[in-house]
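To start, I am sharing the structure in question, which I have written as structure tokens.
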Amino acid sequence: MTSELFDPDRLRTLERLRSEGVDPYPARSPSPSPIASARDLAEKGEAEATVAGRILAHRPFGKLAFLVLQDRTGRIQVAVRKGEVGERAWAVYGRLDLGDLLAAKGKVGRTKTGEVTLFATEVVLLAKALLPPPEKWHGLADVELRTRLRYVDLWASEGVREVFEKRARLVRAIRAFLDGRGYVEVETPTFHPIAGGASARPFTTHHNTLDLDLYLRIALELPLKKLLVGGLERVYEIGRVFRNEGISRKHNPEFTMLESYEAYADYEGIARLVEEMFAEAARAVSGTTEVPFRGRTYAFAPPFRRARYADLLREHAGVDLFDEGALRARARTAGLPEAGRPAAVVANDLFEALVEERLEGPVFVLDYPAEICPLAKRKPADPRFAERFELFVAGMELANAFTELNDPVLQEEILRGQVASRDEEAPRAVDTDFLRALAYGMPPAGGLGVGIDRLAMLLADAPTIRDVILFPLMRPERG
RNA sequence: GCGCCCGUAGCUCAGCCGGUAGAGCGGCGGCCUUUUAAGCCGUGGGUCGCAGGUUCGAUCCCUGCCGGGCGCACCA
């Protein structure tokens, strides 16, 4: 019994092909040239090429037909003539459908209308499509379908593949940039017995043999710092982290973080690193540091603007960071909860509600209140502040960095305080192995976290994070 | 989680103040050796997201549910 997943017309065609001795899914294919290079042969006259790709269009004229094949490099028209390919291939051609994968061999030239065309002497079916492609003019328009059927949207809609190619160039550029500065790329566990390094609700899972409850990591931070203790000195990881939170234009429950740590650096050094890295990434993706995004242009050329957290809060929220009464009053007028929350948290709620969305940037926001930076070192000259910055572009937080706290005693105190707070998003236990590592001596260091998906959104001018994640989380189909 | 909006053929979409549903593309059959969303002739295709309710009668109005979008919340 055949599944109802497939188009009955096409299943019938499949059987007819088989009964005629044609293998609809041959094990081997002719080795094709990229369509883009085959097209170049048009000007050289009489040059022969083999191409392979998906049939996107079909224009039959009796004993002649024009097909349009598409591969990753482009499209080419293929002319199939009965007199040229012979009866057998003509019969195969007659069973072709839009969406099938096909190889064609022949001379590349131009038709009398000037269209670059491969005049086929052979056509070989490479894979029969059992479902029809979307409507040829509009393509896939429904956002849900485009996401669920990403494997169709990638070839059926203009520009989708380019977004992911840009993302790939972005990641490659970051690797090259860090590798060039003596960083070593590492991979650390995604299963954590304690979900630390950030404040977020984790996903839980279980290992059967060890009978062990585990969390999926919410950050890369703690294992990478252990590697600083281990003497790696310059490390980074690009990897998936998981946060059990809502979904929005800027949020997917699993997303890709870059975290890097550099011994003997501080947050100012990391700010300079970020400027150069982002400029390099922009150039790698689009050849320029002028980045268009949602109708505006952002200059990714160093230096980026710097602004102090407290100054921005005063400018946009009209309150002094250390005037608790004013903070609480302002929070109430803004409709934010403040009762029972620490002043620094209230301030940060105000910052997020009133300041962040106005930060077009790129702008480094410097010197956060120390209370909301449990893993950062305080400013020696004013310990009310942590040596921390976040980078904002287009109202989005793209990077977060600080001079890393390496005082084991102070770190223990802070972590114990977090656990005692019983905050839903605080770790439920102190990561004593992390503290033990610090106790062996971690060099002073600057650390960085970058949301790769958001950076990809920026550089690909993609309005939602779903556009830069191939298979974003969705509810399963059916009900 | 909350609010607003959306769900009609494989796809893209119409469908008026409630009277049992249409187009284009695609499909199927036919014609055609130079097209560019090819054209022409013929033709099949629907649980109007699902389940209730109101009504003589529901794609249309109401309620609930499912899926999605946007916004809010959440997201140091």
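Numbers restart at 1 for each chain; the letters A, B, ... are given by sequence-line order, proteins then strands.
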Pairs under 3.5 Å (N/O, protein and nucleotides 24-27 of chain B):
{"from": "B:rG24", "atom 1": "N2", "to": "A:Glu135", "atom 2": "OE2", "distance (Å)": "3.4"}
{"from": "B:rC25", "atom 1": "O3'", "to": "A:Lys136", "atom 2": "NZ", "distance (Å)": "3.2"}
{"from": "B:rG26", "atom 1": "OP1", "to": "A:Lys136", "atom 2": "NZ", "distance (Å)": "3.0"}
{"from": "B:rG27", "atom 1": "O2'", "to": "A:Asp9", "atom 2": "OD2", "distance (Å)": "2.2"}

How far apart are the closest heavy atoms of A:Arg110 and A:Gly114, and which atoms are they?
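Closest approach of A:Arg110 to A:Gly114, heavy atoms only: NH1-O, 2.6 Å.
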
Which base, if any, makes a Watson-Crick or G-U wobble pair with B:rU54, both distances under 3.5 Å?
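Its partner is none (no Watson-Crick or G-U wobble pair with both distances under 3.5 Å).
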
For A:Arg59 and B:rA38, is the shortest distance between a side-chain N/O and OP1 or OP2 below 4.0 Å?
yes

Classify A:Asn400 by what it touches in the nucleic acid, base, sugar-phosphate, or nothing, heavy-atom distance under 4.0 Å.
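If one applies the 4.0 Å heavy-atom cut-off, A:Asn400 turns out to touch nothing in the nucleic acid.
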
Side-chain donor/acceptor of A:Glu115 to base of B:rU35, under 3.5 Å:
no

Identified pairing partner of B:rU35, criterion: Watson-Crick or G-U wobble below 3.5 Å
none

Heavy atoms under 4.0 Å, any strand shown: does A:Arg243 hit a base, just sugar-phosphate, or nothing?
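Sugar-phosphate, backbone atoms only, no base.
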
For atom CD of A:Glu87, is the number of surrounding heavy atoms from other residues, nucleotides or ligands below 6.0 Å larger than 12?
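Atom CD in A:Glu87 is not crowded, with 12 or fewer foreign heavy atoms closer than 6.0 Å.
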
Could you check whether A:Leu131 gets within reach of a base, just the sugar-phosphate, or nothing at all, counting any heavy atom under 4.0 Å?
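The residue A:Leu131 makes no contact with any strand.
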
Tell me every residue that passes salt bridge (charged side-chain N to carboxylate O under 4.0 Å, His left out) with A:Glu135, counting only those two or more places apart in sequence or in another chain.
none

Using centres under 5.5 Å plus planes under 30 degrees as the test, is A:Phe66 stacked with B:rU35?
yes

Categorize A:Arg110 for me: base, sugar-phosphate, or nothing, with a 4.0 angstrom heavy-atom threshold over every strand shown.
nothing

Could you check whether A:Ala200 gets within reach of a base, just the sugar-phosphate, or nothing at all, counting any heavy atom under 4.0 Å?
nothing

Would you indicate what A:Thr464 reaches in the nucleic acid, counting non-hydrogen atoms under 4.0 angstrom: base, sugar-phosphate, or nothing?
sugar-phosphate

Record whether the side chain of A:Thr111 comes under 3.5 Å of the base of B:rU35 through a donor-acceptor pair of N or O atoms.
yes

Please list, one pair per line, the donor and acceptor atoms closer than 3.5 Å that link side chains of residues 120-130 of chain A to other protein atoms, with sequence neighbours excluded.
{"from": "A:Thr121", "atom 1": "OG1", "to": "A:Lys105", "atom 2": "O", "distance (Å)": "3.2"}
{"from": "A:Lys128", "atom 1": "NZ", "to": "A:Arg95", "atom 2": "O", "distance (Å)": "2.8"}
{"from": "A:Lys128", "atom 1": "NZ", "to": "A:Asp97", "atom 2": "OD2", "distance (Å)": "2.8"}
{"from": "A:Lys128", "atom 1": "NZ", "to": "A:Asp100", "atom 2": "OD2", "distance (Å)": "2.6"}

Applying a 3.5 Å limit to both distances, which nucleotide forms a Watson-Crick or G-U wobble pair with B:rG10?
B:rC25

Which part of the nucleic acid, if any, lies within reach of A:Ala65 when heavy atoms closer than 4.0 Å are counted: base, sugar-phosphate only, or nothing?
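It contacts nothing in the nucleic acid.
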
Charged tip of A:Arg384 within 45° of A:Phe322 ring normal and under 6.0 Å:
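Yes, A:Arg384 sits over the ring of A:Phe322.
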
Counting the atoms with a prime plus P, OP1 and OP2 as sugar-phosphate, which does A:Arg16 contact under 4.0 Å by heavy atoms, base, sugar-phosphate, or nothing?
sugar-phosphate

Heavy-atom check, side chain of A:Val363 versus side chain of A:Phe389, under 4.5 Å
no

Contact class for A:Glu352 vs. all strands (heavy atom < 4.0 Å): base, sugar-phosphate, or nothing?
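Contact class for A:Glu352: sugar-phosphate only.
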
Would you say B:rG68 has OP1 or OP2 under 4.0 Å from some side-chain N or O of A:Arg475?
yes

Please check the phosphate of B:rG68 (OP1 and OP2 only) for any side-chain N or O of A:Arg148 closer than 4.0 Å.
yes

Taking A:Arg314 first and then A:Asp311, would you say they form a salt bridge - that is, a charged N and a carboxylate O separated by under 4.0 Å?
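Counted as a salt bridge, because a side-chain N and a carboxylate O are separated by less than 4.0 Å.
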
Quick check for you: among B:rU35, B:rC11, B:rA38, whose closest atom lies nearest to any side-chain atom of A:Ala57?
B:rA38

